[in-house]
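Notes follow once the structure below has been shown.
Numbers restart at 1 for each chain; the letters A, B, ... are given by sequence-line order, proteins then strands.
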There are 2 protein chains.
Amino acid sequence: MADTGPYIAQRPKRADGQRNYDAILAAARRAFEADGSDASLEDVAGRAGVAIGTLYRHFPTRAALVEAATRDGLSELVALAERPADGEDALETLTEWMGQAVRHFSTFRGLVGILARSMYDEGTPSHAMCAAMHRGGAELLGAAQRAGRVRADLTTDELFDLLSGAAWVRENAGPGRDGGPRFLALVLEGLVLPDGAR
Amino acid sequence: MADTGPYIAQRPKRADGQRNYDAILAAARRAFEADGSDASLEDVAGRAGVAIGTLYRHFPTRAALVEAATRDGLSELVALAERPADGEDALETLTEWMGQAVRHFSTFRGLVGILARSMYDEGTPSHAMCAAMHRGGAELLGAAQRAGRVRADLTTDELFDLLSGAAWVRENAGPGRDGGPRFLALVLEGLVLPDGAR
DNA sequence: TTGACTACCTGAGGCATCCTCAGGTTAACT
DNA sequence: AGTTAACCTGAGGATGCCTCAGGTAGTCAA
């Protein structure tokens with residue numbers, strides 16, 4: 001799937017530009033994975049076989065590069081929230097989605113922080129995606145609440161706080177440990193209501 | 001209370017040295033509070049009225065400076081865990097301590113990350129303090145578990161994961177929001193057992 | 001009080017990274 | 001083939017990290 005740029009595919013312009021765009025993005029993904037969101041952009045440019053100015057031409061900001069590097073994964077997460085599942089399996093759908101969210105939020109070190117900031121700061125490259133995730137999460141949470149399987153007083157903002165916390169723990173888990181899933185399981189046991197309540 | 005240096009008061013040496021040490025520490029606290037743990041050390045030195053080399057003389061590493069800047073607060077937290085409270089109010093003691101821990105962990109932006117890394121990485125300036133906190137937390141958790149008020153399968157490591165997550169959320173809460181306390185409350189409701197179980 | 005001794009301080013400087021911009025290059029279209 | 005402008009390059013100013021050679025001054029003993 002050729003990624004053509006932010007929001008609207010309006011940059012099928014010069015072939016060399018597209019090629020460099022793709023190369024930079026691939027290099028950035030590798031660098032972020034290895035060194036976190038504060039990886040050296042000059043290093044990224046070097047690995048992409050491109051001068052530093054070219055990188056800044058395509059991605060005027062580090063945040064823009066992060067946004068582009070995570071767009072596919074996060075939009076996948078948004079799509080996953082779109083299949084509405086009221087009724088019987090609303091809780092299962094929600095919990096499965098939460099697991100996916102935590103995984104995506106901790107794609108590389110530093111991402112959760114960027115997303116958390118983008119969530120409430122419009123004018124950030126990732127804000128649109130965050131807003132979409134917020135809507136999707138609200139949908140799933142509402143369904144599970146209507147089904148009587150999740151405590152009714154839980155806000156969507158609070159849900160994302162929990163997801164962010166879990167993702168951060170996963171990012172920063174000590175060597176050998178993997179705090180994410182267990183964290184989420186513990187949290188969930190405090191949110192879920194017994195099945196009989198319905 | 002004059003802070004005389006790491007671990008053992010073995011540096012009541014020259015008066016100017018002590019004076020600069022204190023000035024740097026005060027400036028660092030202010031800078032960390034304002035800009036997070038990655039504040040400019042050259043700026044800190046400037047605000048302390050000292051050359052950059054002097055800062056590095058007293059604190060060879062940014063981590064050492066962070067350790068010194070947080071030592072008082074964290075040792076207070078450790079002391080708070082030392083008063084053993086078995087029996088009736090074990091749960092209350094634990095929850096109160098957890099609230100204090102979250103507050104101290106989020107003294108400034110970036111601290112939780114440093115502490116989380118120090119927890120399992122000996123050779124870090126903050127490791128000793130982290131180990132002490134780990135022991136204290138284990139004590140309080142054990143008491144609450146023996147009193148039958150907290151689920152028995154919760155590890156001390158997991159407790160600290162939850163505390164770290166809450167602290168991170170508090171650090172990164174959106175403007176106006178204060179996710180920490182609510183986060184902790186939600187988590188606790190998943191950990192606590194009904195009183196009747198005793 | 002004076003004379004070491006040495007802990008202490010200074011700040012230039014090498015290195016990394018960020019980000020900009022003036023000028024050269026070339027893909028694409030006529 | 002000629003024209004246009006999108007694209008690329010890389011030098012360079014700014015900031016921050018950290019080190020080190022050389023100068024300064026607190027302290028103590030005589």
Does a side-chain N-to-carboxylate-O contact under 4.0 Å join E139(B) and R135(B)?
no
Short N-O contact, R117(B) and E171(A), less than 4.0 angstrom:
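Here R117(B) does not pair with E171(A) in a salt bridge, since their nearest N and O are not under 4.0 Å apart.
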A51(B) side-chain proximity, nearest of dT10(C), dC18(D), dC18(C):
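Nearest to the side-chain atoms of A51(B), counting from C-beta on, is dT10(C).
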Nucleotide nearest T54(A) when distance is taken to its side chain, options dC18(D), dT9(D), dC18(C)
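The listed nucleotide nearest to T54(A)'s side chain is dT9(D).
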Does the [X] side chain pair with the main chain of [Y], one donor and one acceptor, at a distance under 3.5 Å?
X: H104(A); Y: L74(A); answer: no
X: W168(A); Y: S106(A); answer: no
X: T54(A); Y: V50(A); answer: no
X: Q145(A); Y: R151(A); answer: yes
X: E158(A); Y: T155(A); answer: yes

DNA chain C: 5'-proximal contact among P60(A) and V50(B) (nearest heavy atom):
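Here V50(B) is the residue nearer the 5' end.
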Any N20(A) side-chain nitrogen or oxygen under 4.0 Å from OP1 or OP2 of dC7(D):
no
When you measure from the side-chain N and O atoms of H58(B) to the phosphate of dC8(C), is any distance below 4.0 Å, counting only OP1 and OP2?
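No, because none of the side-chain N or O atoms of H58(B) sits under 4.0 Å from OP1 or OP2 of dC8(C).
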For [X] and [N], give me the distance from atom [atom1] to atom [atom2], rounded to whole Å.
X: D22(B); N: dC8(C); atom1: CG; atom2: P; answer: 13 Å
X: I52(B); N: dT15(D); atom1: CD1; atom2: C1'; answer: 12 Å
X: L55(B); N: dC20(D); atom1: CG; atom2: P; answer: 17 Å
X: Y56(B); N: dG13(C); atom1: OH; atom2: P; answer: 19 Å
X: R57(A); N: dA22(C); atom1: CZ; atom2: P; answer: 15 Å
X: F59(A); N: dC19(C); atom1: CZ; atom2: C1'; answer: 16 Å

Go nucleotide by nucleotide along DNA chain D from the 5' end; which of R62(B) and G53(B) gets its closest nucleotide reached first?
R62(B)
The residue among D161(A), D157(A), D153(A) that forms salt bridge (Lys or Arg N to Asp or Glu O under 4.0 Å) with R182(B) is D153(A)
Would you list the pairs meeting side chain to side chain donor-acceptor pair (under 3.5 Å) in which at least one residue belongs to residues 30-40 of chain A, sequence neighbours left out?
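Of all non-adjacent pairs touching residues 30-40 of chain A, none passes side chain to side chain donor-acceptor pair (under 3.5 Å).
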Of the residues in residues 37-49 of chain A, which ones touch DNA chain C at a heavy-atom distance under 4.0 Å?
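Hits under 4.0 Å, by residue number: A39(A), S40(A), L41(A), E42(A).
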Treating primed atoms plus P, OP1 and OP2 as sugar-phosphate and everything else as base, which nucleotides of nucleotides 25-30 of chain C get B, S or - for protein heavy atoms under 4.0 Å?
-BSS--
